[in-house]
> 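Okay, here's the structure, questions in a sec.
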There are 2 protein chains.
Amino acid sequence: MGNKFTIEEDEVKKWNLRMPEEMLTAVANRFKLLSEPMRLKIIRTLCENERTVQEIVNEISASQANVSKHLALMHDNGIVNRRKEGLKCYYSIADNSIIFACYLTSKSVVENLQDRLSWLQKVES
Amino acid sequence: MGNKFTIEEDEVKKWNLRMPEEMLTAVANRFKLLSEPMRLKIIRTLCENERTVQEIVNEISASQANVSKHLALMHDNGIVNRRKEGLKCYYSIADNSIIFACYLTSKSVVENLQDRLSWLQKVES
DNA sequence: TGGTTATATAGTTATTTATTCATACAAATC
DNA sequence: GATTTGTATGAATAAATAACTATATAACCA
């Protein structure tokens, strides 16, 4: 409760140094997993709690097959956990940094849009 | 210098609430921009300083045409700035949260790989 | 004006992948 | 065992796009 996430800016800047090629590909792949609106929708339903496939299908409007495939992909890549209970299969977020990345990116995208909008308004007036 | 970036975990969890469809698509699109190793390579060269297209081409091994297209794409989407000076064209990171997202994701991916590795070692022994 | 340099852009190809439909599998219940 | 329910998967299709080649643009210089 009231947990804080803190990072030193200097530490961030070191990101550019000495990252081997395979790591770069792995990072790109992680971003690719987050680059589909449908998967973000699914991830969003998992933010609060674990969910069954059917629950997800009901919350977002998508076919069972499609949701199942996206979940399988995310599970294979270790960003969601799977828990079976009888017929049902519960999925949950495996790594909170996923949510964090989504949050950060959302904020940044919103700010970006706002900047462009205010620029547009300046030009118009 | 010594700047810190802090976020409340509770704030992050609110990400799932009331985000309109277009925002989700915009966020997905931002992630898609970061989902190509070649673009990450380019971004990495821009971490320290602005760079000309040729400088980037020389640093990473890629064709001028390809680098130029990636830069154009990133510029169109507002994640790099462009500054012309004579014949040369200098690009730079438009939004530090990009670097931050890369850093976070890299860390998370590394931890994920380490977890899988230690799990594998447990299974083997 | 002609030539050189830095960057951008068409057109093309090959690859990836999200989605759909149909079906398979597997656990529970009758 | 047969049926129902929840989930996974294979095949097919359509759309997106990274990379290449060749060419265009545009600024600088002789």
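All values below come from the heavy atoms of this structure, side chains included, with hydrogens, waters and symmetry mates left out. Letters go in sequence order (proteins before strands), and every chain restarts at 1.
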> For A:A28, what residues pass the side chain to side chain contact (heavy atoms under 4.5 Å, CB included) criterion, not counting sequence neighbours?
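Checked A:A28 against side chain to side chain contact (heavy atoms under 4.5 Å, CB included); matches are B:P37, B:L40.
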> Heavy atoms of chain B, cut-off under 4.0 Å: which first and last nucleotide of DNA chain C, 5' to 3', fall inside that, if you could look?
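Listing 5' to 3', DNA chain C meets chain B from C:dT5 to C:dG11.
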> Rounded to the Å, how far apart are A:K32 NZ and D:dA18 P?
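Nearest whole value for this atom pair: 9 Å.
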> Not counting sequence neighbours, which residues clear side chain to side chain donor-acceptor pair (under 3.5 Å) with B:S108? List them please.
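Testing B:S108 for side chain to side chain donor-acceptor pair (under 3.5 Å), a comparison that skips the adjacent residues, returns A:R30, A:D95, A:S97.
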> For nucleotides 25-30 of chain D, read 5' to 3', which letter fits each nucleotide if B means a protein heavy atom sits under 4.0 Å from the base, S means only the sugar-phosphate is that close, and - means neither?
-BBS--
> Using heavy atoms and a sub-4.0 Å distance, could you list which residues of residues 51-59 of chain B are near DNA chain D? By number, please.
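Residues of residues 51-59 of chain B under 4.0 Å from DNA chain D: none.
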> Can you sort out the partners of B:A62 under side chain to side chain contact (heavy atoms under 4.5 Å, CB included), two or more places apart, ordered by chain and number?
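By the side chain to side chain contact (heavy atoms under 4.5 Å, CB included) rule, B:A62 matches B:M38, B:I60, B:V67.
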> Could you list the residues that satisfy side chain to side chain contact (heavy atoms under 4.5 Å, CB included) with A:K69, not counting sequence neighbours?
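Side chain to side chain contact (heavy atoms under 4.5 Å, CB included) check on A:K69 returns nothing, list empty.
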> Over all strands shown, is B:Y90 touching base, sugar-phosphate only, or nothing at heavy-atom distances under 4.0 angstrom?
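Result for B:Y90 = nothing.
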> Among B:R82, B:M74, B:E55, whose side chain to side chain contact (heavy atoms under 4.5 Å, CB included) with B:Y91 holds?
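Testing each of B:R82, B:M74, B:E55 against B:Y91, the sole residue satisfying side chain to side chain contact (heavy atoms under 4.5 Å, CB included) is B:R82.
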> Excluding sequence neighbours, so at least two apart, what forms side chain to side chain donor-acceptor pair (under 3.5 Å) with B:N29?
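Once residues adjacent in sequence are excluded, the partners of B:N29 under the side chain to side chain donor-acceptor pair (under 3.5 Å) criterion are B:N77.
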> Specify the closest pair of heavy atoms between A:V110 and B:M23, including all atoms of both residues, with the distance to one decimal.
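Heavy atoms of A:V110 and B:M23 come nearest at CG2-CE, 3.4 Å.
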> Atom CG of A:L73 and atom NZ of A:K32: how far apart are they, to the nearest 0.5 Å?
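One gets 10.5 Å once the value is rounded to the nearest 0.5 Å.
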> With sequence neighbours left out, what residues match A:N58 under side chain to side chain contact (heavy atoms under 4.5 Å, CB included)?
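With sequence neighbours excluded, A:N58 shows a side chain to side chain contact (heavy atoms under 4.5 Å, CB included) to A:Q54, given in chain and number order.
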> How many whole angstroms separate atom CG of B:N29 from atom P of D:dA15?
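Atom-to-atom, B:N29 to D:dA15, this comes out as 19 Å.
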> Applying salt bridge (Lys or Arg N to Asp or Glu O under 4.0 Å), name anything that partners B:R83, two or more places apart in sequence or on another chain.
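For B:R83 the salt bridge (Lys or Arg N to Asp or Glu O under 4.0 Å) partners, ignoring immediate neighbours, are B:E50, B:E85.
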> What are the two closest heavy atoms between B:Q64 and B:V57, and how far apart are they?
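For B:Q64 versus B:V57, the nearest heavy atoms are CA-CG2, 3.7 Å.
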> In residues 64-75 of chain B, what residues come within less than 4.0 Å of DNA chain D, judged by heavy atoms?
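Those residues whose heavy atoms fall under 4.0 Å from DNA chain D, taken from residues 64-75 of chain B in numerical order, are B:A65, B:N66, B:K69, B:H70.
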> Less than 4.5 Å apart, side chain to side chain, heavy atoms only: is that true for A:I43 and A:L34?
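Touching, per the 4.5 Å side-chain cut-off.
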> Who passes salt bridge (Lys or Arg N to Asp or Glu O under 4.0 Å) against B:R51, sequence neighbours left out?
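Per chain and number, B:R51 pairs via salt bridge (Lys or Arg N to Asp or Glu O under 4.0 Å) with B:E48, B:E59.
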> Given D:dA8, is OP1 or OP2 found less than 4.0 Å from the side-chain N or O atoms of A:R82?
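Answer yes for this pair, as a side-chain N or O of A:R82 is under 4.0 Å from OP1 or OP2.
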> Are OP1 or OP2 of D:dA19 and a side-chain N or O of B:S63 less than 4.0 angstrom apart?
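Checking D:dA19 against B:S63, no side-chain N or O comes under 4.0 Å of OP1 or OP2.
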